[in-house]
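Below is one structure, written out as structure tokens; comments come after it.
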Amino acid sequence: MSTTAMRTTEFRYRPNEIEAKWRERWASDKLYEVRDDDPRPKWYELPMYPYPSGDIHIGHWYMYAPSDARARFMRMKGYNVLHPMGFDAFGLPAENAAIRSGIHPLKSTMDNIDRMRGQLRAMGTMYDWDREIVTSAPEYYRWNQWLFLQLHKAGLAYRAYAPANWCPSCNTVLANEQVIEGLCERCDTPVTHRDMNQWFFRITKYADELLDVSKLEWPEKIRIMQTNWIGRSAGVEIEFDISEHGLEDKAFTTFTTRIDTIYGATFVVIAPEHPLVEKLTAPERRDEVNAYVGQARRQTEVERLSTEKEKTGVFTGAYCVNRLNGERVPILVADYVLLTYGTGVVMAVPAHDQRDFEFAERYALPIKVVVAPPEWDGGELKEAYLGEGTQVNSGQFDGLPSSEGMERIADHVEANGWGHRTVNYRLRDWLISRQRYWGTPIPIIYCDECGEVPVPQEDLPVLLPEDAEFLPTGDSPLALHEGFVNVECPNCSRPARRETDTMDTFVDSSWYFLRYASPQYSDGPFDPQAAKQWNPVDQYTGGVEHAVMHLLYARFFTKALRDLGLLDFDEPFIRLFSQGHIIAGSQKMSKSRGNVVAPDEYVSKVGADVVRCYLMFLGPWDQGGEWSDSGINGMARWMNRVWELAQRDARALDGLPQDTDALRDMSRTVHKTIRRVVSDIERFKFNTALAALMEFSNTLNRVWERKGIDSGGWNDAVEKMLLLLAPMAPHISEELWERTGHAFSIHDQTLPQWDPALAADEVFTLVVQVNGRLRDRIEVPVSITEEEARNVALESAGAQQHISGKAVARVIYVPGKLVNIVAS
RNA sequence: GCCCAGGUGGCGGAAUGGUAGACGCGGCGGACUUAAAAUCCGCUUCCCGCAAGGGAGUGGGGGUUCAAAUCCCUUCCUGGGCACCA
């Protein structure tokens, strides 16, 4: 603990005692039990579940305290709120820790969960623990396997031999989404490639539907990130003639978004990994091509990306024919063309593509302008011209605007059967195989006779053996476990072998929100009725780091399950709030970085309510910020003032002369505060909601000094303050609720309403400006007319001082705000 | 390189065309105390001024407007995302 602040506040109450007391009461009374038959309208408020890494740290508090406050707020608005918690329990960290420590992932994970469950309770959260889910439990992951089989049956899960991203440190393949700038997202090791048999989910089938983010009330930033990740581009697939090479395939398909430039294609580039490279390469070019391809394949993703400046390639010795103009152009291999995008073959138009331009310059290939820039003098280009223009050197299309040329050439290509319009996506199918131990076994059996056989549903779950060796070898640890691998074929009963890869843990989190509705259901992944009752999630909260992994996968699952007839809605998360992170030393807190701040010491000193509120008060939740405890004492001080304020004996006010102005002022403040706090929490502005409550308590203090009100008015104001505070500080508000003579529980109350008429001001400060500069302020009634306001302003001392001797040219009047006198 | 978010007192931040700096931290002064802590009260953007008051001020420059932290252009800086996608 770094500060002097922590030792200063002396508590007037014992936070730990009252907090523990109420948490026990809430639990024993099952206050937060969520019932499906509750008649109130449902509200599903879901925070992303945590990975059980060890201990709950201050970053977890920052994530879960505001979402708990929101859930409590919705409950007090009259909803039947589902606010569940669970653990994303499979995954690499536990396995890696096990390799180092020898402690089995099952044990470390369950120990961590036990500890974290207690710590999450200690925050004063309203989770219904009867609905907890743990994804590493067979009761959960058997449904991963079941869902996998449904997707498999529907053709949405398939196995393919393909180059995969390989992390040499984690010894497993990675999905595209898990490769960050060529590095493994988990350990920052440069990613290499391996050709392997891998299981994929056909997410690309839903690319277009996933692109439709119009129904989502999500931050624009996340919607843009998903849109860019999917990366739709419309263009034309067109064949180039390679019949001169006597191959069976007479055609050679390229993809372009610029069919208007096809007459400028002066060469064609093929990706080094492309299977046709081998067949096309001329004998005399073989050595050079093989050397180039070998070098390209050995490169890590990072090295390949870093070649951005220098584009390299080699000539294959082969040629193809551009069917539009009959031109014979050379075919080159270059690693700036990716096998994984489009067809892996590109028609190069150096005049109108900067990459092709640079490549052409380097290898002295011809550059032919076919879309003339406006006012082009016919001279050489210094860089590729990417804009629109007029078709030139384009045969029958010369003279057309290129935008029209684009359509007419595409029509021409389609009419001749050379190609067709199509759409390409940057999105790749989701690679879900992992060569690791601590995950869901993929329920497939390989039989020499029957081939790929799904494990029959009645044999699920395929249990993860607890006695496997999990040292990393590059093969799945399960492959070494004879008892697991060797199995009878479910079809023909001959000896067969199990699939030994496990699933990406993002499979678990792609449907966990469905399981919370019926966490103990044993006839399927979820009870269809319950799932329908609670879903979709009304409000999801979590960090931006999941913008293109979890959030995209979960949307895909929802759509796929809908098409399988298991769900009847299209989107899993209607509203998403993307919170910021508490960082320490400008890095996100995590156990692996060793920069975690433990909340325990703070909690033991100032209590959970103060820590919750302090984190919410730091700033806007979506902004996050560097951890500092410098202000936590201020929150503790305020909580103590609330404690004292709420318990004053208001009878001291009775019998004194009453002041109608004071009463009205207080009632107005009460109603304004309710309005502010409610609208702030609705908009996730917990910081200003707390500021409004602080102002309110300051006002109450002044009212107390001023007297003039009776105990009824005072007690009413205190009651409303406690109700507004309850979502954010659940313990102290419960205790004070009881101490002010109310029946258990404050968390079963509804939020106070505000009356706009009572919140309305009677007077306001009329601002007097001269030439836009503040010169006076005058208290005036809200009923003031425009003429009166103008006169009051013109006659004010502040204005007079600055307009004397000048001519008043204009007077601007803004009702309820100001008068601006324009004078010169 | 492209896209997004942001830049406001000593600090966290408030204000989304109309009183810049709410609320809190820190600091200063005072009350209480033998003293300290805690607590309570007051002050606290900067500059000039004893004061009244005046001037400057929301990264920099320019613009629109009676009026700009807020809108527009431009530029710098910070954070995040994407990046040979044909």
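None of these values were measured; they are calculated from a predicted model. Below, chains carry the letters A, B, ... as their sequence lines are ordered, and counting in each starts from 1.
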Establish, with yes or no, whether the OP1 or OP2 oxygen of [N] is under 4.0 angstrom from a side-chain nitrogen or oxygen of [X].
{"X": "A:R258", "N": "B:A86", "value": "no"}
{"X": "A:Q623", "N": "B:A5", "value": "no"}
{"X": "A:N228", "N": "B:C4", "value": "no"}
{"X": "A:S233", "N": "B:A86", "value": "yes"}
{"X": "A:R773", "N": "B:A56", "value": "yes"}

Which nucleotide wins on minimum distance to the side chain of [X], given the candidates [options]?
{"X": "A:K685", "options": "B:G24, B:A15, B:A86", "answer": "B:A15"}
{"X": "A:F617", "options": "B:C23, B:A15, B:A86", "answer": "B:C23"}
{"X": "A:M225", "options": "B:A22, B:G81, B:C82", "answer": "B:G81"}
{"X": "A:K221", "options": "B:A86, B:C4, B:G13", "answer": "B:C4"}
{"X": "A:E695", "options": "B:G18, B:A22, B:A86", "answer": "B:A22"}
{"X": "A:Q801", "options": "B:U39, B:G24, B:G54", "answer": "B:G54"}
{"X": "A:L774", "options": "B:G18, B:U39, B:A20", "answer": "B:A20"}
{"X": "A:R641", "options": "B:C4, B:C66, B:C40", "answer": "B:C40"}
{"X": "A:R637", "options": "B:G26, B:A86, B:A14", "answer": "B:G26"}

Between [M] and [N] - [atom1] atom distance, rounded Å:
{"N": "B:A5", "M": "B:A20", "atom1": "C1'", "result": "23 Å"}
{"N": "B:A22", "M": "B:A15", "atom1": "P", "result": "12 Å"}
{"N": "B:C50", "M": "B:U58", "atom1": "C1'", "result": "32 Å"}
{"N": "B:A37", "M": "B:C28", "atom1": "P", "result": "11 Å"}
{"N": "B:A14", "M": "B:C66", "atom1": "C1'", "result": "26 Å"}
{"N": "B:G49", "M": "B:C41", "atom1": "C1'", "result": "28 Å"}
{"N": "B:C32", "M": "B:U39", "atom1": "C1'", "result": "9 Å"}
{"N": "B:G9", "M": "B:G61", "atom1": "P", "result": "15 Å"}

Mind checking [X] for me? I need base, sugar-phosphate or nothing, with any heavy atom below 4.0 Å counting as a touch.
{"X": "A:H802", "answer": "sugar-phosphate"}
{"X": "A:N687", "answer": "sugar-phosphate"}
{"X": "A:V822", "answer": "sugar-phosphate"}
{"X": "A:R223", "answer": "nothing"}
{"X": "A:N424", "answer": "nothing"}
{"X": "A:R702", "answer": "nothing"}
{"X": "A:L618", "answer": "sugar-phosphate"}

> When syn is taken as a glycosidic angle within 90 degrees of 0, is B:G30 syn or anti?
Replying inline: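 Anti for B:G30; the angle lies over 90° from 0.
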>> Can you classify the ring geometry of A:Y13 versus A:W643 as parallel (below 30°), tilted (30 to 60°) or perpendicular (above 60°)?
In response: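 A:Y13 vs A:W643 ring planes: parallel.
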> Will you find, in the side chains of A:R775 and A:Q800, an N or O donor that is under 3.5 Å from an N or O acceptor?
Replying inline: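 Not at all, the side chains of A:R775 and A:Q800 share no donor-acceptor pair under 3.5 Å.
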> Using a distance-only test with no angle check, is there a side-chain donor-acceptor pair under 3.5 angstrom linking A:E545 and A:H550?
Replying inline: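 Not at all, the side chains of A:E545 and A:H550 share no donor-acceptor pair under 3.5 Å.
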> Do A:F684 and A:F577 pass the ring-ring contact (aromatic ring centres under 6.0 Å, His included) test, and can you show the C-alpha distance, the side-chain angles, and the key distance before you say yes or no?
Replying inline: CA-CA 8 Å; A:F684 296 89; A:F577 186 88; 4.1 Å; yes
> Does the pair A:I367 and A:E361 meet the rule for a side chain to side chain contact (heavy atoms under 4.5 Å, CB included), with working shown?
Replying inline: CA-CA 8 Å; A:I367 298 171; A:E361 288 223 304; 4.3 Å; yes
>> Please find the pair of heavy atoms, one from A:P272 and one from A:V333, that lie closest to each other, and give the distance.
In response: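 It is CA-CG1, 3.5 Å.
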>> Applying the Watson-Crick and G-U wobble criteria at under 3.5 Å, what pairs with B:G42? Answer none if nothing qualifies.
In response: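 B:G42 is paired with B:C28.
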> Mind checking whether A:Y602 and A:W627 have ring centres under 6.0 Å apart?
Replying inline: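 Between A:W627 and A:Y602, which both carry aromatic rings, the centre distance is below 6.0 Å.
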